[in-house]
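Right, one structure below, let's go through it.
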Amino acid sequence: MSVFGEAALSAFLELLSAKLLDSVLNFVADHRQVHQQLKLWQSILPEIKTVLNHAEEKQIKDEGVKNWLDDLQDLAYDVDDILDEFAYQELRLKHQKTQPQASTSKIQKLIPTCCTGGNFSPISFMFNAKMISKINTITDRLNSLNTRRSSLGLSEIMSQGATSKGNKPRLQPASLMDGAVEYVGRANEKQEMLELLNSNNSDGVCVLSIVGMGGMGKTTLAQLVYNDPSIKESFDHKSWVCVSDDFDAVNITKTILRSLDAESRDENDLNLLQVKLKEKLSGKRFLLVLDDIWNESYSDWTILRTPFGAGTKIIVTTRLEKVSSNVDSVKAFYLDKLSHHDCLSIFAQHALKARNFDGHLQFKEIGENIVRRCNGLPLAAKAIGSLLRTVQDHSEWEKINESEIWDLPEDPYYEFEEEEIILLWRAEGFLQSKAKIQGKGLGNQYFQDLVSRSFFQRSGKDKSRFVMHDLMNDLAQSIAGEICCRLEDDKQSKFSLRTRHSAYVSDDGYHSVKKFEAFYQMTSLHTFLPLLHGKCRFYLTNVVVEDLLPRLSCLRVLSLRGCEIFDLPDFFENLKHLRYLNFSSTQINCLPDSLCTLYHLETLILRNCSKLKNLPSKIENLVNLHFLDISGADSIERMPSGFDQLAKLQTLSNFVIGEGDGHLIRELKNLSNLRGNFCLSGLENVNGQDVREAKLNGKLGIDGLELQWGADLENSTRKKEKKLEQLIIENYGGNLSSLKLRNCKNCKSLPSVGRLPLLKDLSIIGFDQVQKIGVEFFGENQLNPFASLEILSFESLPNWKEWDTCEGDEKVLKLPSLRELSIKTCPQLLGRLPTHLPSLQKLEIHSCMSLVVSISSFPSLCELSIRGCAELVDDCSSPAKELSFLQTLSLSNISKFNIPADRTMLRFGKSEHFEIGGWEELASLSQHGFSLVGHRFITVGCCPQLQSLEAEEAELQPDKISRVESLMIVSCDRLNRLPQVLHELTFLTVMEIQGFRGLVSFTENNLPPNLKKLKIAGCENLKHLVDENEDNKSMSSTLFLFKDLEIQNCASLMSFQLQLLRIINCSKLSCLFSNTKFPITLKRLIIKGCPVSEIKSLPRGLDKLIHLQEIMFFKTFVVDGCGNFGALPKCMASITSLRRLSVLNCSADISFPSEGFPANLTSLEITNAPKIYRSLVEWGLNSLSSLQELIIGGEGCSNVVSFPEEGTRMMLPPSLTRIFLSGFENLEFMFSEGFQDLASLKELMIGDCPKLTSLPEKYMLRSLGHLHIFSCPLLKKECSSNNGREWSKISHIPLVQIDLEIALKAKLAWKWAFRKIL
């Protein structure tokens, strides 16, 4: 336990004391024995709390103190559970008192009246022998801890923080740099900072901040800038102060003064110091670096900066965004991870005293692996490099690479939302505040504080989500110890009886019985939570829901999000402590009634429960419910009554009014705490009076309101109201910022939303009857319509013909702030767009074939996507100097292109993303001013008349086109050649060519030198990758640098000269490499659909391919290079790097060499190759200790009656996780002894075995998550849940599929997933 643990435990004990004071003692007042014991607790807990600081210090050296702290923490959780049980009973009794009382039961009548008064209260019944025993046990443990406290010599001391005795302060970084090291990375940030610092355009103090998590190189960047020669020329003085967590204005000012005057008198009066500093700096240019600031006080900062004026520039480094905000930075530089190349250079300098591995090739591969694990952190690369600085033994480097220091998850970060974490905090009781701050407000404060400290970071994929960096995750796990654990890949992490919070990673989609065996030990668990990546779903063994969960009676948090469950047992009465319940994205169709006995429940999430039809009828019992989310649960047709009792409800995603239930909307009247987004649906079932009674206008916390009427009003059999034909919004004075009007099919005109002064985002979708949009949209006589509108979207207005933008009215300025305009699927819209949109940056026009699109007056446009319009125009009305360059350009299906060529080059010439497609008449790019010049990512497709990418090759100057990184050319039938200077594109790494009929071969100069991935498909006249008449040395060397080469449907290909080589449907291919040798870098070799009569041999040297991981032969006849007809190469067993081997549908004469199979295989597939299968049986599988995936197709093996074959002593490797058997026509049973060691088996698929009747024994299938049986009629009968003999063996498996249509689809999906051909 660390200082963080002590702080948390102290807060926990304080909370327990408060619980005792607040209500529990009053609740048990009539029960003397219990009351006395709790009073004892109340006196002992504060005594223990006072010694925690002392225990924190002593635990490091005293194991007994550490154990005492661990026992105390465990006891605190148990105390909390008991107190929470009292609170539950109190809520239950309160609820019972509010319910109509039934007649006195016969049993109660038998109780003498003398026993029903005085101390004989309902609470007495609750304290049965078991409850009394629990309390006594806690008291004994508490007394024992108090006694041990004294014997351990623990006493009350004041916390002395990180600088207490015995804690040596860490060495602070200084301004000087290591001259022996070449600093890499951050060049762009350094240059920009120098430009800002050396400029003279600042009237006051100029502050630049460098922000990032620890180890990102903030201090190094500040040092690089501070020591740059230009700084010495620009500034008279400079000073460096390492502030750290001791923000003392006096000491900082003294340090600055000493840097200016070494003989400065030591003074402690801040005023005198600042006056002296101001005098020293008068008229001087001064640079100050304040390194590693943690203080978040704005007032402290304003005091410190007082002496500084014009001419002073300050660099601040910090981990906290709030600090950057406080210092009022001119610009904040947020540091992200370094590139792999830069990290590699840092590592090499510290490990090898070299810039790279060129002189140390023996360490190159292992060094790159280590650097990848540093995950872009320069400090990590430096630290590990320094560790290896004197190590010359390769095995020692391997030890570092395989060390436990890397025992962090290598899978993608688990992404989460802020709201998700806050709800979990609330459920665990972490959001306790003495001030009157509501839970989410307090949670938001905590969350943002952790973000500002880089504990949480925004996801790079989705800015609305967050991740936790590996290093922070490692720190948190270290601090949590046994209290928290995570189950991953069937491996439990620190599971113990003390564990309270658990999470299990959904990695493979199937969670078997074996995975949860450890949970049966943890009966006091508070959290049961799956960690899902994205929107994945998983199958869960029914044992968890039916047996395990009812046992976990202390749960606060239960989530089965994404689990493919259909029914819930009625077990919630056992889970009385629950605060958080999440069934989102499950298949449940109803909720059991016992859920309404969860009086503590605060959060209920049913998001995307598409089959759920109803909420529980007694929902009014959930009096503590704060959060209810039923968004996406579209089968719910009505809400139950009782919502008026849920006064604490803050978030309600949707309120559905069913037919005949219009009055229920009145229950919203009492929900005064509603906030956030709220949807009312089924409004066709309510009347005006009901709506008024709901008092929606009094719910000031709602900031997003969605109103929905039934989608099928037209065909409804109900009495129909008059169809809505006009919608008017008038005199709205609110702060509406986002408005979506969707599927108002009968509305003929739009409301005057231009009157909404703060509206920023407007979407109009599915207005079928609207034909004209004009002044009514802007607002008649409105002086400043759409003053704040930034995003405007129209979609699916099939009859819209005219957009009158009222531009003739000079008094009206329309759309001054619009940044994004999107018009999609409006096929009848005529005329032009508005001509004055000065702020427009993004324009999308899709499927508007009558519209003329003019971009003349859009000087700020940087993203243009047009996929179907009548004409594209730029009349050159805006001066060239006012135009911005497009960053993204996508043009297709434009009937008429009416932009001068020189204007095209000006507007489109430097767009990073350049895409042109579906242009029937385009003969060359240059005819309209287009060029390959200046772009990074280029796609040209479906231009059937295109003959040349340039009019003249001279235009393709290498220095202008070297930015190109990706080039894709698709279905340009008449294109007859590629540019001559393609080989000069040094940045080009990915190229795809499809449907290029004119391509016959690549000449020496036609492949870029750094190309890594090349795909060629449908080039029917391609014969050679290298022209046989050319000097091929340069070309061959380029080919060997490939990582991925794919060739498909090139019927004329005869030969060619890579990490991936995939050759598919090349009917004339006869030779793979003319020099008979494979490239040494080859990792995967896949040959499919090449005829058996053509390929005569494989090149020599398969055993020399040290990186080769996969070989697949599919419908291919192969012999080795020595002419040993009918056998695979003898060297196969020597390919130690080979991981995947597939032999499918090959000749009946092919056998495997007697030397055996490659020892390190992880996947082996043999289908319709009977001699290969026989070789496998004879040779055995037990030596394949790494094999995880085994796919056997038994076609041609008619003598096989058992698997593994009885009598052969063939044992399946324990490492297997997946087995797929099919096509054994005489297979009768699974030989159990062969399966006895398969503790990791997760998936078993059996198909097309008509005589099979039995499976392995049940205990051998405990780890199984997915069983799929198809076309096995006898086995299907035995596996029936109705008296099938095999059913007891498989009933625990999370997913069992037997025949059915879905199973047939899965069969194909599985086979292709395993083969991974495409």
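This structure is a prediction, so every number in the text was calculated from the model and none was measured. Index from 1, following the sequence.
- In this model, no donor atom of one side chain and acceptor atom of the other lie less than 3.5 Å apart for Thr888 and Glu863.
- Considering only heavy atoms from C-beta on, Glu368 comes within 4.5 Å of Leu344 through its side chain.
- Listed by chain and residue number, Glu920 satisfy the side-chain contact (heavy atoms from CB on, under 4.5 Å) test with Pro944 (two or more places apart in sequence, or in another chain).
- Looking at heavy atoms from C-beta onward, Leu925 lies out of side-chain contact with Ser931 at the 4.5 angstrom threshold.
- Put simply, the side chain of Ser339 gets close to the backbone of Asp342: a donor and an acceptor are under 3.5 Å apart.
- Atom CD of Glu992 sits about 10.5 Å away from atom CD1 of Ile969, to the nearest 0.5 Å.
- In this structure, Asp761 and Glu790 have side chains that are not in contact, with every pair of non-hydrogen atoms separated by 4.5 Å or more.
- When all heavy atoms of Arg458 and Val467 are compared, the closest pair comes out as O-CG2, 4.4 Å.
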Q: Please step through side-chain contact (heavy atoms from CB on, under 4.5 Å) for the pair Phe937 and Val990, ending with a clear verdict.
A: CA-CA 9 Å; Phe937 307 97; Val990 179; over 6 Å; no
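- Annotation: side chain of Leu864 is in contact with side chain of Leu891 (closest heavy-atom distance under 4.5 Å).
- For CZ of Arg372, the number of neighbouring non-hydrogen atoms (other residues, nucleotides, ligands) closer than 6.0 Å is greater than 12.
- Closest of all the heavy-atom pairs between Ser911 and Leu889 is OG-CB, 4.0 Å.
- The structure places CZ of Arg819 at 12.5 Å from CG of Leu792, a figure rounded to the nearest 0.5 Å.
- One distance of note links OG of Ser763 with CG of Leu741; it measures 8.5 Å at 0.5 Å rounding.
- Taking each heavy atom of Asp804 and Lys772 in turn, the nearest pair found is CB-CE, 4.1 Å.
- Residues Gly766 and Leu797 share a closest heavy-atom pair of N-CD1, 4.3 Å.
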Q | Audit row: Phe767, Phe794, ring pair (Phe, Tyr, Trp, His ring centres under 6.0 Å) steps and yes/no | A | CA-CA 9 Å; Phe767 278 63; Phe794 298 98; 9.6 Å; no
Q.
Please determine whether salt bridge (Lys or Arg N to Asp or Glu O under 4.0 Å) holds for the pair Glu1189 and Arg1140, giving the CA-CA distance in whole Å, both sets of side-chain angles, and the decisive distance to 0.1 Å.
A. CA-CA 9 Å; Glu1189 187 174 86; Arg1140 299 177 59 86; 3.3 Å; yes
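- Between the OG atom in Ser860 and the CG atom in Leu818 there is a gap of 11.5 Å [rounded to 0.5 Å].
- In this structure, the side-chain contact (heavy atoms from CB on, under 4.5 Å) partners of Asn799, at least two apart in sequence or on a different chain, are Gln771, Gln828.
- Between Glu871 and Asn898, the shortest heavy-atom distance links the atoms OE2-ND2, 3.0 Å.
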Q. Are Leu967 and Leu988 close enough, and set up right, to give a side-chain contact (heavy atoms from CB on, under 4.5 Å), and what steps lead you there?
A. CA-CA 8 Å; Leu967 176 62; Leu988 185 60; 4.0 Å; yes
Q) Does the pair Ile791 and Leu762 meet the rule for a side-chain contact (heavy atoms from CB on, under 4.5 Å), with working shown? A) CA-CA 6 Å; Ile791 302 173; Leu762 173 62; over 6 Å; no
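- For Lys745, the NZ atom is densely surrounded, since the number of other residues' heavy atoms within 6.0 Å is greater than 12.
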Q: Output, in order, the C-alpha distance, side-chain angles, deciding distance and verdict of side chain to side chain donor-acceptor pair (under 3.5 Å) for Thr939 and Glu915.
A: CA-CA 5 Å; Thr939 300; Glu915 180 179 348; 5.3 Å; no
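- Remark: Glu802 CD is packed, more than 12 non-hydrogen atoms of other residues, nucleotides or ligands lying under 6.0 Å away.
- Classification of the His928-Trp919 ring pair by plane angle, with boundaries at 30° and 60°, yields parallel.
- With His935 contributing its side chain and Phe914 its backbone, the two residues share no donor-acceptor pair below 3.5 Å.
- Interatomic distance, NZ of Lys824 versus CZ of Arg867, reported as 8.0 Å (0.5 Å rounding).
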Q.
Before you tell me yes or no, could you show the steps for Val940 and Leu946 under side-chain contact (heavy atoms from CB on, under 4.5 Å), namely the whole-Å CA-CA distance, both residues' side-chain angles and the distance that decides it to 0.1 Å?
A. CA-CA 10 Å; Val940 180; Leu946 184 65; 3.7 Å; yes
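- Under the 3.5 Å distance criterion, with hydrogens and angles disregarded, no donor-acceptor pair is assigned to the side chains of His913 and Ser890.
- Atom OG of residue Ser854 and atom CG of residue Leu833 lie 7.5 Å apart, to the nearest 0.5 angstrom.
- Shortest non-hydrogen contact noted between Ile823 and Cys826 is CG2-SG, 3.9 Å.
- In terms of modelled atom types and a separation under 3.5 Å, the side chain of Arg936 and the main chain of Glu965 share no donor-acceptor contact.
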For residues 838-852, run the donor-acceptor check on the side chains, cut-off 3.5 Å, and write out each pair with its distance to 0.1 Å, sequence neighbours left out.
residue	atom	partner	partner atom	Å
Ser839	OG	Pro816	O	2.9
Glu844	OE1	Ser822	OG	3.4
His846	NE2	Ser865	OG	3.1
Ser850	OG	Pro827	O	3.0

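- Contact annotation: the side chain of Val853 approaches that of Ile866 to within less than 4.5 Å [non-hydrogen atoms, C-beta and beyond].
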